[in-house]
Visitor: 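Questions regarding the structure given below will be posed in turn.
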Amino acid sequence: SKKKGLSFEEKRVRMMEIFFETKDVFQLKDIEKIAPKEKGITSMSVKEILQSLVDDGMVDTDRIGTSNYFWAFPSKALHARKRKLEELQAQLAESSQKREALQKSIEKSKIGREDTAERAALIDELAALRQKKEQLKSEIDKYRECDPDVIEEMRQTNQVAKEAANRWTDNIFSIKSWAKRKFGFEESRIDKSFGIPEDLDYID
């Protein structure tokens, strides 16, 4: 039988695993090499998947010089999921309250009455709300699935974030030193050309 491809959401989850497992910062070309080999995500879909994660605030991005860099730390991902979960729970609660009110109206309309257009409309609205409730519950369950691993990752997030930041700070200093030796550039010129803050330093 033909092998079923990954769904859009499965690709998003697997791409987040790349960031969480490596705790590193990547360029698009790096992810386009890693994703197909290690996560089974086709290279053609990498850019779209990555952009969707950026749009949802799950992955951070910044431009340094002429290159875009991408990274994601578990603490931010958990915060985004918690915020989304709270929004969905609020929608679910509101939907449930409205459904209960409609159910009462329907029960009341049955007393001493034949079927009416109003009652039929209420029944249709109730059915739509029930469907919406199930969709919201399904989406809430999807977000809950990710929480245990992310919570575990959070214990080391601060240290990981600091190490990653200092590693890239060290890389920047090394590149600046090389550029000064190789081309005789002034440090202020390098900072200005590549958008490097003058007060860039290691995190204690």
Side-chain angles (χ1 to χ4, degrees), residues 5-84 87 142-143 146 149-204:
L6 296 173
S7 68
F8 189 78
E9 189 59 35
E10 286 172 332
K11 291 178 182 177
R12 281 165 53 93
V13 170
R14 292 194 179 194
M15 187 164 291
M16 290 303 296
E17 289 175 355
I18 295 175
F19 291 105
F20 289 169
E21 290 170 0
T22 62
K23 303 177 181 68
D24 211 339
V25 181
F26 301 96
Q27 290 181 258
L28 176 60
K29 63 182 181 180
D30 299 324
I31 302 177
E32 285 176 335
K33 292 178 182 177
I34 296 171
K37 183 178 179 180
E38 298 186 8
K39 297 299 178 181
I41 303 171
T42 59
S43 58
M44 295 291 289
S45 64
V46 166
K47 188 173 183 180
E48 179 187 6
I49 300 297
L50 184 59
Q51 187 59 51
S52 77
L53 292 170
V54 171
D55 293 341
D56 287 349
M58 302 288 286
V59 173
D60 290 311
T61 182
D62 197 6
R63 189 174 185 85
I64 301 176
T66 58
S67 301
N68 289 319
Y69 291 88
F70 301 89
W71 68 93
F73 296 122
S75 59
K76 180 169 182 179
L78 177 61
H79 179 71
R81 272 195 288 272
K82 282 186 175 179
R83 186 172 62 249
K84 181 66 175 179
E87 292 174 0
K142 179 182 68 178
Y143 278 87
C146 299
D149 289 339
V150 175
I151 290 172
E152 180 64 27
E153 291 281 355
M154 280 186 64
R155 297 174 184 175
Q156 301 178 15
T157 295
N158 289 338
Q159 184 63 28
V160 169
K162 185 176 78 171
E163 290 176 356
N166 284 338
R167 183 167 60 253
W168 280 93
T169 299
D170 193 48
N171 290 341
I172 291 171
F173 283 154
S174 295
I175 293 172
K176 285 172 62 175
S177 177
W178 175 81
K180 285 191 290 185
R181 292 196 312 270
K182 182 75 174 178
F183 304 106
F185 289 160
E186 295 181 359
E187 187 166 343
S188 59
R189 180 181 173 188
I190 297 173
D191 290 343
K192 185 175 180 180
S193 298
F194 293 95
I196 302 172
E198 293 181 5
D199 59 351
L200 177 70
D201 203 353
Y202 297 100
I203 299 174
D204 295 328

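All values reported here derive from a predicted model rather than from experimental measurement. Residue numbers count from 1 along this sequence.
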Visitor: Can you measure from CG (L50) to CZ (F70) and round to the nearest 0.5 angstrom?
Guide: 4.5 Å
Visitor: Shortest non-hydrogen contact from F20 to F73?
Guide: CE2-C, 3.8 Å
Visitor: List the residues meeting salt bridge (charged side-chain N to carboxylate O under 4.0 Å, His left out) with D24, not counting sequence neighbours, and say none if there are none.
Guide: R167
Visitor: Could you pull out the closest heavy-atom pair between F8 and E48, with the gap in Å?
Guide: CE1-OE2, 3.8 Å
Visitor: Hey, are the side chains of K39 and I34 touching, using non-hydrogen atoms and a 4.5 Å cut-off?
Guide: no
Visitor: Could you give the distance from CG (L53) to NZ (K11), rounded to the nearest 0.5 Å?
Guide: 12.5 Å
Visitor: Show your working on side-chain contact (heavy atoms from CB on, under 4.5 Å) between K47 and L28 and close with a plain yes or no.
Guide: CA-CA 7 Å; K47 188 173 183 180; L28 176 60; 4.2 Å; yes
Visitor: Decide, yes or no, whether a salt bridge links R14 with E17 under the criterion of side-chain N to carboxylate O below 4.0 Å.
Guide: no
Visitor: Where is the tightest heavy-atom contact between T42 and P36, given as atom of each residue plus distance?
Guide: C-CG, 4.4 Å
Visitor: Any chance you could measure M44, atom CE, to E32, atom CD, to the nearest 0.5 Å?
Guide: 9.5 Å
Visitor: What's the shortest heavy-atom distance between A72 and M58, and which atoms?
Guide: CB-O, 3.4 Å
Visitor: Please answer whether the main-chain N or O of I64 pairs with a side-chain N or O of S67 as donor and acceptor at a distance below 3.5 Å.
Guide: no
Visitor: Mind listing the closest non-hydrogen atom pair of S52 and I49 along with its distance?
Guide: OG-O, 2.7 Å
Visitor: Apply side-chain contact (heavy atoms from CB on, under 4.5 Å) to M15 and V59, showing your working.
Guide: CA-CA 10 Å; M15 187 164 291; V59 173; over 6 Å; no
Visitor: For a side-chain contact (heavy atoms from CB on, under 4.5 Å) check, start with the C-alpha distance between D62 and Y69, then their side-chain angles and the critical distance, and finish with the verdict.
Guide: CA-CA 5 Å; D62 197 6; Y69 291 88; 5.6 Å; no
Visitor: Which heavy atom in F19 sits nearest to a heavy atom in F26, and how many Å separate them?
Guide: CE2-CD1, 3.7 Å
